[in-house]
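Predicted model only: the values in this text are computed from it and were never measured. We name chains A, B, ... by the order of the sequence lines, and we start the count at 1 in each one.
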There are 2 protein chains.
Amino acid sequence: MVTIGDVAKAAGVSRSTASYALSGKRSISDAVRLRVNEAVKTLQYTPNAGARSLATSQTKVIGLLAQFLDDEFAPAMLQYILGVSNTARELGYDILLVTDADGTSALRRISDSRMIDGIVLLNVAENDPRLEHLRAAQQPGALVGLPKDCDGLDVFDLDFEEAGRTMVDHLHRLGHREIILISQPQHVIDRGGAYVWRLQNAALAAAEARNLTLHTVFAPSSQPEVGDALNGLLDAHPNATGLLINNEAAAAALPSVLHQRGLSTPKDLSVIGRYSDEFARTFSLPFSSIESAPDRLGSMAVRQLVRRIEGEIGPAEPNVVRFVTPDLIDRGSTAPPR
Amino acid sequence: MVTIGDVAKAAGVSRSTASYALSGKRSISDAVRLRVNEAVKTLQYTPNAGARSLATSQTKVIGLLAQFLDDEFAPAMLQYILGVSNTARELGYDILLVTDADGTSALRRISDSRMIDGIVLLNVAENDPRLEHLRAAQQPGALVGLPKDCDGLDVFDLDFEEAGRTMVDHLHRLGHREIILISQPQHVIDRGGAYVWRLQNAALAAAEARNLTLHTVFAPSSQPEVGDALNGLLDAHPNATGLLINNEAAAAALPSVLHQRGLSTPKDLSVIGRYSDEFARTFSLPFSSIESAPDRLGSMAVRQLVRRIEGEIGPAEPNVVRFVTPDLIDRGSTAPPR
DNA sequence: ACTCAAAATCGAACCGGTTCGACACCGGTT
DNA sequence: AACCGGTGTCGAACCGGTTCGATTTTGAGT
């Protein structure tokens, strides 16, 4: 293993001089800087991360806590992870990926041992038990998902209220009078998935204001149960002309259900989903959708986190709570009702 | 930050004694051990990872290199990642997830800076440029995917030859005489995805030995092109009674294609895929399939890697190249031909 | 009571960086 | 000639663990 001492020796200077030559934190003669850089190159020197972190208490690593819950759609989570990971690298940070079922103790472990400079929490629930420890950790943290109490933590989430309104307004403007909203299953909500309520309540309010009928339903998030649920739903509301889907599994299952029933969009039914474009491509979903922007949310969270880590924003400065305005991507699955 | 010095002071012993009390590497009186443990608990002491890694040159972190290529099915990759991550935690290791497009320089970075104790490479291609650096890194490494030259590296992969034979044999035993094999697109092969050839060649050999006709085809890996390709394929071989699918996207697209054509399995067509059970559930695929066991492969790779890291297997001991025998999961999509 | 090995503990050194304070050297003022 | 500030460099200390060698304490055997 080649150390900075070896570099210093090769350049004929002291260790501290070599260090300053590399960091630029004190003025160094051109001659020395040149010789040091030369030595670094020929010896293939790379600083030891452990030693550096010990000396500077900075690791250039960000902890990423992702929970893979049975009742959530794993492929959707991947987009968040990639958004975080790619942006982190861009900013010079690596990612410590933690998928422990017990996120709380995992958080303590990586935080207390000072393996990381900051933490991104995905999939944050309304009363997320991890938040308490994140606040205590005295390390910057950023959340994707809106908890009840955002105090002291930077929060990023889709504007689900706006999403609900946009969906309803879009169909209303086309002339629909009776529509259905399919949400996540009950236990996602029980676990604190408040975004389900946020979208649904906003949709209900918009529907009332526009004077149209909105049926709301919680559907399973697993195959093949969700297919049956969709069928039952369409049977129950034969006059509905629009379908709003806030449930990835339901969206994925819908094409074959429609096909079985001999229905097509937008002729027989107008459909709007809420998922990412990437998701739509993966599952070849032909429905217009509210973009859930997982990569963008992950990216924003990391950017803010790094600003805190690097002191561009002081720890005293108030936390931000930022909502991404949802775009509606038109894939031609909506039209005026027959 | 509470250090081992604080613990030692609280327990009334020296730092070294506290360290030995915690590691158990020298005998310690019960009284002291008790007082030290007490102090650890009350002070909430957690060792500083940087300091420990500096002293022991062990980080308890495993690097995981995953490449997300446009033409590969991202959700499938997630299963490998989770297999690696969960097993690593079980063994006391954390995961540094690297998704850089340039895997080679990322490998150098994390390896040279000694952030990690070992490396798992996913998605290894036949002539993977990352291997050269992994060998030079002088750190244990494990691969998922079979390269041409396995020298010095532990390799884990599905037995694709056996998979090809099993698929063909299964349909042959049921009495099929003409079948189709759908592979990945040409550019997956060009990039070094040798597993495509391995399965296909074994299937062809088995078909010849059994004296049955096997048509082979490279299909796109993106929607909706793959659907058109499937249609064209079924048009081109109207007498084929069996379909083997070594292409996730094609498998995902097949149900709606069959539906459009008014075909059903196993009545009109016997179908066997090659993907994970998790994948089948996500897409509610009703086809019998060769289990590609991503979680198991990831888990095996990590287990072997940790054995190397912890010296249970000396660095001199020869590398293993282990093939997982593929299971056929029967979902009732095969039957004797009409 | 005396010896001797084993058990228990301590101090110091080390891992590989960074950073502080000191110092030497330089050209330019007064 | 004495003084000055700025520049470039060095030695030493420090970050927080682990580990080696030495020393003290203990207890068993005679």
Side-chain angles (χ1 to χ4, degrees), chain A residues 1-37 39-40 43-61 109-117 139 310-311, chain B residues 1-37 39-40 43-61 109-117 139 310-311:
Chain A
M1 198 73 274
V2 33
T3 75
I4 202 173
D6 301 328
V7 171
K9 203 177 298 171
V13 296
S14 72
R15 293 200 305 149
S16 54
T17 302
S19 175
Y20 284 123
L22 292 172
S23 68
K25 293 191 180 174
R26 280 197 186 176
S27 53
I28 290 285
S29 69
D30 290 351
V32 167
R33 196 195 340 277
L34 216 72
R35 293 209 309 274
V36 169
N37 286 331
V40 165
L43 297 178
Q44 300 247 53
Y45 166 73
T46 315
N48 179 305
R52 173 170 282 177
S53 105
L54 183 56
T56 63
S57 35
Q58 271 223 25
T59 63
K60 289 282 179 181
V61 175
R109 181 166 47 79
I110 62 172
S111 174
D112 290 353
S113 65
R114 306 273 110 164
M115 308 175 78
I116 53 175
D117 294 338
Q139 267 194 331
E310 303 190 341
Chain B
M1 197 75 275
V2 34
T3 75
I4 201 172
D6 301 329
V7 170
K9 203 178 299 171
V13 296
S14 72
R15 293 201 305 147
S16 53
T17 302
S19 176
Y20 284 124
L22 291 172
S23 70
K25 293 192 180 173
R26 280 197 186 174
S27 51
I28 289 286
S29 69
D30 291 352
V32 166
R33 195 193 340 277
L34 216 71
R35 292 207 310 274
V36 168
N37 285 332
V40 164
L43 297 177
Q44 300 247 53
Y45 166 72
T46 314
N48 179 306
R52 172 171 283 175
S53 105
L54 183 56
T56 62
S57 37
Q58 271 222 26
T59 63
K60 289 283 181 180
V61 175
R109 181 166 47 78
I110 62 171
S111 175
D112 290 354
S113 64
R114 306 272 110 165
M115 307 176 78
I116 53 174
D117 294 338
Q139 267 194 331
E310 303 191 340

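Here B:T56 lies in heavy-atom contact (under 4.0 Å) with sugar-phosphate atoms only.
For the pair B:Q44/A:D112, no side-chain contact is recorded, criterion being any heavy-atom separation below 4.5 Å from C-beta on. Within the 4.5 Å cutoff, the side chain of A:V7 has heavy atoms near those of the A:V36 side chain.
The main-chain N or O of B:T59 is found under 3.5 Å from a side-chain atom of B:D117 such that the two form a donor-acceptor pair.
Between B:V40 and the options B:L22, B:T46, B:D6, a side-chain contact (heavy atoms from CB on, under 4.5 Å) holds for only B:L22.
Look at CG on A:D30: it is 11 Å from C1' on D:dG8, rounded to the nearest Å. D:dC10 atom P lies 12 Å from atom CZ of A:R26, rounded to whole Å.
Below the 3.5 angstrom threshold, one finds a donor paired with an acceptor across the side chain of B:Y20 and the base of D:dC20.
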Margin query: What verdict does the side-chain contact (heavy atoms from CB on, under 4.5 Å) test give for A:R35 and A:V13, after you've listed the backbone C-alpha separation in whole Å, the side-chain angles of each residue and the deciding distance to 0.1 Å?
Written below: CA-CA 9 Å; A:R35 293 209 309 274; A:V13 296; 3.8 Å; yes
Next item on the list: For B:M115 and A:V61, run side-chain contact (heavy atoms from CB on, under 4.5 Å): C-alpha distance rounded to whole Å, both residues' side-chain angles, the deciding distance at 0.1 Å, then the answer.
Entry: CA-CA 10 Å; B:M115 307 176 78; A:V61 175; 3.5 Å; yes
Next item on the list: Decide side-chain contact (heavy atoms from CB on, under 4.5 Å) for B:T17 and B:I28; before the verdict, give the C-alpha distance in whole Å, the side-chain angles of both, and the deciding distance to 0.1 Å.
Entry: CA-CA 8 Å; B:T17 302; B:I28 289 286; 3.9 Å; yes
Checklist line | Candidate pair A:R114 and B:M1, rule side-chain contact (heavy atoms from CB on, under 4.5 Å), full reasoning | finding: CA-CA 10 Å; A:R114 306 273 110 164; B:M1 197 75 275; 3.6 Å; yes
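Taking 4.0 Å as the cutoff to heavy atoms of chain B, we find the contact window on DNA chain C bounded by C:dA7 to C:dG16.
Donor-acceptor pairing under 3.5 Å is lacking for the side chains of B:S16 and B:S19.
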Grab the N/O contacts between the protein and nucleotides 25-28 of chain D below 3.5 Å, and write none if there aren't any.
none

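Nucleotide C:dT30 is matched to D:dA1 when pairs are restricted to Watson-Crick or G-U wobble geometry with both distances under 3.5 angstrom.
Place A:S29 and B:L22 on DNA chain D by their nearest nucleotides, and A:S29 ends up nearer the 5' end.
Within residues 3-17 of chain B, the residues approaching DNA chain D are B:T3, B:I4, B:R15, B:S16, by heavy-atom distance under 4.0 Å.
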